[in-house]
Amino acid sequence: RHQKKKSLLTKNDFGHYFRKVVIFSWALTAASCSVEQHCGQSDSKPTSVPLPFPMAHGTTTLAFMFQGGVLAAADTRSSCSGLVACPASQKILPIHSHLVGTTSGTSADCALWKRILSRELRLYQLRYGRRLSTRGAAKLLSHMLHPFKGTELCVAATLCGFSGPSLFYVCSDGTRLEGSLFSVGSGSPYAYSILDQGVRWGLTVEEATSIAREAVYRATHRDAYSGNFVDVYHVTSKGWTRRTREDLKEEYYREKEKRRLERETRGTALSG
Amino acid sequence: MLSAQGFGGPGKMKEYHYAGAVEHKFSPYAFNGGTVLAVAGEDFAIVASDTRLSEGYSIHSRDSPKCYKLTDTTVIGCSGFHGDCLTLTKIIDARLKMYKHSNNKTMTSGAIAAMLSTILYSRRFFPYYVYNIIGGLDEEGKGAVYSFDPVGSYQRDTYKAGGSASAMLQPLLDNQIGFKNMEGVQHLPLTQEKAVQLVKDVFISAAERDVYTGDALRVCVITKDGINEQTIPLRKD
């Protein structure tokens, strides 16, 4: 009864993912992989082979469009049901010079599928002589993940590109959405509250960067599974640029110091 | 595969537990313990592991090191399920040979890391239960450490601990090598002697507090002159 599983990565042509992948004949249960999925609960989901270890999960990532291009920001904590497996992981992966993807879900799935997407986009460029649009890349990723719907694969990515600024959200449960503002991960509710308050089309690059940083900072403050550093990537017609990684611990102490000074000046103003 | 759960027979243990119907499913995995550590310096890398092979309450072997030499400049440490460690190292050796024959050169540490990531991910739905850490020298001769999770997610680090005592060792390394959570400390670069001494001290501590770590410590120091191996005894209890 055991069907031979062919390697995921023996690829020869464009549409092969749909033919060659054969899934185990053991019982597979539907994996619920919604945007708000809380990390570290992969152990409670029944899987085909009960795994003795937890997968790496949990994050805050966000991306939005504005007049200066597309901005993507993410924290850097990679947690494994309670243990911080890596405090300095990369959750925003460049796919090519004008396309950047944020990753959320299982880190291995996101890293490998991004790699596969980069390869397919490069092959497209070589075959057809032009770069595939962000919309096309989103559709491609969504269709590549479709054969694995129902398995425990968990990828929730936002693709931020610049063929005209564009932003797409792709999830391994089949969702593919176009939008101008997305936040994904366990810390997304906190990030949404900051973003919904501040994001407008007419922001300057500095304002947009500070809103993105603030949103990730607030989310990491409240969400246990997000933290450590914040990465900010800015995509324009000239390509993507990356800001140096910032330690949010410093940000916390700077804010505390600022509040303390404000309280002191207010205290002296009232008494004086 | 089953661990020695019932000393005195299955009936005796159950008196102290909930005595209802329990379903025992066959698990293809076992946990054989062991800890692996890797540190990267300016022109050296160190990969260290303990040599205890355990299962449940028993020790199968006191001399089963978890560092495997791949090339003259790369050593991999694999801990977790010993069966998968053996198969994985066999597969990596075969792939290294294939690369050598097709490309007429030895694989670099970075290339081995990328290849291992795809090997692990090809078994995404029935993973190798192995925590891998690769230590070696990169093309420029600097120390490199690549740490993996069981399904292939990896990145380059300066230091990493993996295996049963990893949660105890990693914070200590963060403090001593990364100078984290300390204020007003001078950040001195790590010398080879200091790194080897630190690794020995760290494993002695791990053997104190983790039951699956102990017996002996195997340290492999990788420099441009080759790989130097030392074995240091640890607690055997």
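Each chain gets a letter, A, B and so on, in the order its sequence line appears, and its residues count up from 1.
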Looking only at side-chain N and O atoms, does [Y] offer a donor or acceptor that is under 3.5 Å from a partner on [X]?
| X | Y | result |
| --- | --- | --- |
| A:Asp223 | A:Ser186 | yes |
| B:Asn32 | B:Tyr212 | no |
| B:Ser164 | B:Asp210 | yes |

Taking atom NZ of B:Lys180 as the centre, does the number of heavy atoms from other residues, nucleotides or ligands within less than 6.0 Å exceed 12? yes

Interface moiety of B:Ala114 toward chain A, non-hydrogen atoms closer than 4.5 Å: both

For a side chain to side chain contact (heavy atoms under 4.5 Å, CB included) check, start with the C-alpha distance between A:Leu112 and B:Val151, then their side-chain angles and the critical distance, and finish with the verdict. CA-CA 10 Å; A:Leu112 269 290; B:Val151 270; over 6 Å; no

Within residues 90-98 of chain B, which residues come under 4.5 Å of chain A, heavy atom to heavy atom? none

Interatomic distance, CG@B:Asp174 vs OH@B:Tyr159, rounded to 0.5 Å, equals 4.0 Å

